[in-house]
S.K.: 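After the structure tokens below, expect a handful of questions from me.
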Amino acid sequence: MPSPGKDRYTQADKERFAEQRQIELDAMHDRLVAGVSTLVNGDQWQAWLKVAAKFHTYSFNNTVLVWLQRQDATQVAGYRTWQSLGRQVNKGEKGIRIYAPVTRRADKTDHDGNPVVDASGKPVKTVQMVGVKPTSVFDISQTSGVPLPERPSGKRLTGRAPEGLWNALTDFVESRGYTVNRDKLPDGVDGMTRFNGKTVTVRPDIDDAHATATMIHEIAHVLLHAPDADAKAGLSRCRGIGEVEAESVAFLVAAAHDLDSSSDSFAYIAGWAHAAADSPQAMNELVSRTATRVLDAAH
């Protein structure tokens, strides 16, 4: 039996644990790749978006892993977190396996690699992510206990957007040098972004809720599809993928503000990926890259 204060695990134990962790990571990666390959049709992309809208702080990989294991999940947290909230994971429940970061403390450095020190000359410490490990989370439906407080919903009238959202979006895009207009557009066009003149136009004859969702769509174009943004990312993008990215961002951001744009957004998304790549590998890479860009822009 290990002495008090001594490491209770042998080197062989540690190597076995590391091997088991790597086996599970490999299995999770295989499950992830298989799951990503199913996102190429409109229905599956919609299903993933609904999960991503609930867990908008999660990475693309983790949202896919949650979606693959429990599509009806609404609120997930670790075992200890649920305990701290007065809830207990029900006996026999199987955890949802996702990636958790492995971090370490290290000396902070500047852009030139020089150590950063504080006023007293001591090195400033920072936390670095050095890898990932498997961990389990549980959906609220797998727990029992104290009811969680209900999330307050935005106050809005029928046909209107959440109060203040339009103004906040306008301020956001104007801070990037664009001018916002409410002006006539061709039939069937609700919004338009002109990169040369740096203008965002939303037609005036649509209700507030739809105008706001359209504004989010156009801001996604500003963030993702300006010529300099695509050049920095090394991308050459077809219009169809750009529209899917923008409308996916619109759905996620609108959902975060209790504005349901699914009836409009999903019309853009159905069937998009089959025309975008000519091989299963290219399809998987395209879906993964697009989803990551969508989440980054929505965040």
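All values derive from a computational prediction rather than experimental measurement.
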S.K.: Kindly give the heavy-atom pair with the smallest separation between Val249 and Ala297, and that separation in Å.
M.R.: CG2-CB, 3.9 Å
S.K.: Mind checking whether Phe195 and Leu223 sit in one hydrophobic cluster, side chains of I, L, V, M, F, W, Y counted as touching below 4.5 Å?
M.R.: yes
S.K.: Spell out, as yes or no, whether a donor-acceptor pair under 3.5 Å connects the side chain of Asp207 to the backbone of Ala209.
M.R.: yes
S.K.: With rounding to the nearest 0.5 angstrom, report the CG to CG distance, Leu169 to Leu165.
M.R.: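 If we round to the nearest 0.5 Å, Leu169:CG and Leu165:CG are 4.5 Å apart.
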S.K.: Where is the tightest heavy-atom contact between Ala250 and Ala213, given as atom of each residue plus distance?
M.R.: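 Looking at all heavy atoms of both residues, the closest pair is CB-O, 3.9 Å.
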S.K.: Nearest 0.5 Å please: distance from the CD atom of Gln75 over to the CD atom of Gln142.
M.R.: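 Going from CD on Gln75 over to CD on Gln142, the span is 12.5 Å.
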S.K.: Is the shortest heavy-atom distance from the side chain of Ile96 to the side chain of Val76 under 4.5 Å?
M.R.: yes
S.K.: So how far is it from Arg293 CZ to Ser248 OG, rounded to the nearest 0.5 Å?
M.R.: 11.5 Å
S.K.: When the ring planes of His217 and His221 are compared, do they come out parallel, tilted or perpendicular, using 30° and 60° as the limits?
M.R.: perpendicular
S.K.: Examine Val180 and Leu185 and state if one hydrophobic cluster contains both, with Ile, Leu, Val, Met, Phe, Trp and Tyr joined whenever side-chain heavy atoms are less than 4.5 Å apart.
M.R.: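 No, Val180 does not connect to Leu185 through the hydrophobic network.
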S.K.: When you compare the side chain of Met215 with that of Thr170, does any pair of heavy atoms fall below 4.5 Å?
M.R.: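 Yes - at least one pair of side-chain heavy atoms lies under 4.5 Å apart.
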S.K.: Decide, yes or no, whether a salt bridge links Arg16 with Asp13 under the criterion of side-chain N to carboxylate O below 4.0 Å.
M.R.: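 A salt bridge is present here (some side-chain N lies under 4.0 Å from a carboxylate O).
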S.K.: Given Val117 and Lys122, is the side-chain contact (heavy atoms from CB on, under 4.5 Å) satisfied, shown in steps?
M.R.: CA-CA 5 Å; Val117 297; Lys122 294 181 179 179; over 6 Å; no
S.K.: Starting from the C-alpha separation in whole Å, work towards a yes-or-no answer on side-chain contact (heavy atoms from CB on, under 4.5 Å) for Asp107 and Val124.
M.R.: CA-CA 6 Å; Asp107 292 342; Val124 175; over 6 Å; no
S.K.: Answer whether the closest heavy-atom distance between the side chains of Phe60 and Val294 falls below 4.5 Å.
M.R.: no
S.K.: Less than 4.5 Å apart, side chain to side chain, heavy atoms only: is that true for Thr74 and Asp139?
M.R.: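 With C-beta onward as the side chain, the pair touches.
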S.K.: Which atom names give the shortest non-hydrogen contact between Ala220 and Ala246, and what distance separates them?
M.R.: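 What the structure gives for the nearest pair is CB-CA, 3.7 Å.
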S.K.: I need the Thr179 OG1 to Glu174 CD distance, nearest 0.5 Å.
M.R.: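 Thr179 OG1 to Glu174 CD: 7.0 Å, rounded to 0.5 Å.
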S.K.: Evaluate Thr201 against Arg194 for side-chain contact (heavy atoms from CB on, under 4.5 Å), listing each step before the verdict.
M.R.: CA-CA 8 Å; Thr201 303; Arg194 293 181 174 87; 3.8 Å; yes
S.K.: Report the C-alpha distance between Ile206 and Thr214 in whole Å, list the side-chain angles of each, state the deciding distance to 0.1 Å, and finish with yes or no for side-chain contact (heavy atoms from CB on, under 4.5 Å).
M.R.: CA-CA 10 Å; Ile206 53 179; Thr214 300; 4.2 Å; yes
S.K.: Could you check whether any side-chain heavy atom of Arg203 comes within less than 4.5 Å of a side-chain heavy atom of Arg182, counting everything from C-beta outward?
M.R.: no
S.K.: According to a 4.5 Å side-chain heavy-atom criterion applied to Ile, Leu, Val, Met, Phe, Trp and Tyr, with indirect links allowed, do Trp82 and Tyr79 form part of one hydrophobic cluster?
M.R.: yes
S.K.: Checking Glu19 side chain against Glu15 main chain: does a donor-acceptor pair fall under 3.5 Å?
M.R.: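 No; judged by distance alone, with no hydrogens or angles, the pair does not exist.
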S.K.: To the nearest 0.5 Å, tell me how far Asn62 CG sits from Ile98 CD1.
M.R.: 4.5 Å
S.K.: For a side-chain contact (heavy atoms from CB on, under 4.5 Å) with Val173, tell me which candidate from Ile219, Ile216, Thr199 qualifies.
M.R.: Ile219
S.K.: Heavy-atom distance under 4.5 Å between the side chains of Thr212 and His257, does that happen here?
M.R.: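 No, every pair of side-chain atoms sits at 4.5 Å or beyond.
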S.K.: First locate atom CD of Glu247, then atom CG of Leu252, and finally report the distance between them rounded to the nearest 0.5 Å.
M.R.: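 Between Glu247 CD and Leu252 CG, I get 10.5 Å after rounding to 0.5 Å.
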S.K.: Answer yes if Val222 and Met192 sit in the same cluster of Ile, Leu, Val, Met, Phe, Trp and Tyr residues linked by side chain heavy atoms under 4.5 Å apart, and no otherwise.
M.R.: no
S.K.: Do Leu259 and Pro162 have side chains that get closer than 4.5 Å, going by heavy atoms?
M.R.: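 They are in side-chain contact.
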S.K.: Does any part of the side chain of Val137, heavy atoms only, come nearer than 4.5 Å to the side chain of Arg97, both counted from C-beta?
M.R.: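 Side-chain contact under 4.5 Å: no.
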S.K.: So, Ser141 versus Arg70: side-chain donor-acceptor pair below 3.5 Å or not?
M.R.: yes
S.K.: Is it the case that Asn90 and Ser144 place a side-chain donor and acceptor less than 3.5 Å from each other?
M.R.: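 Yes.
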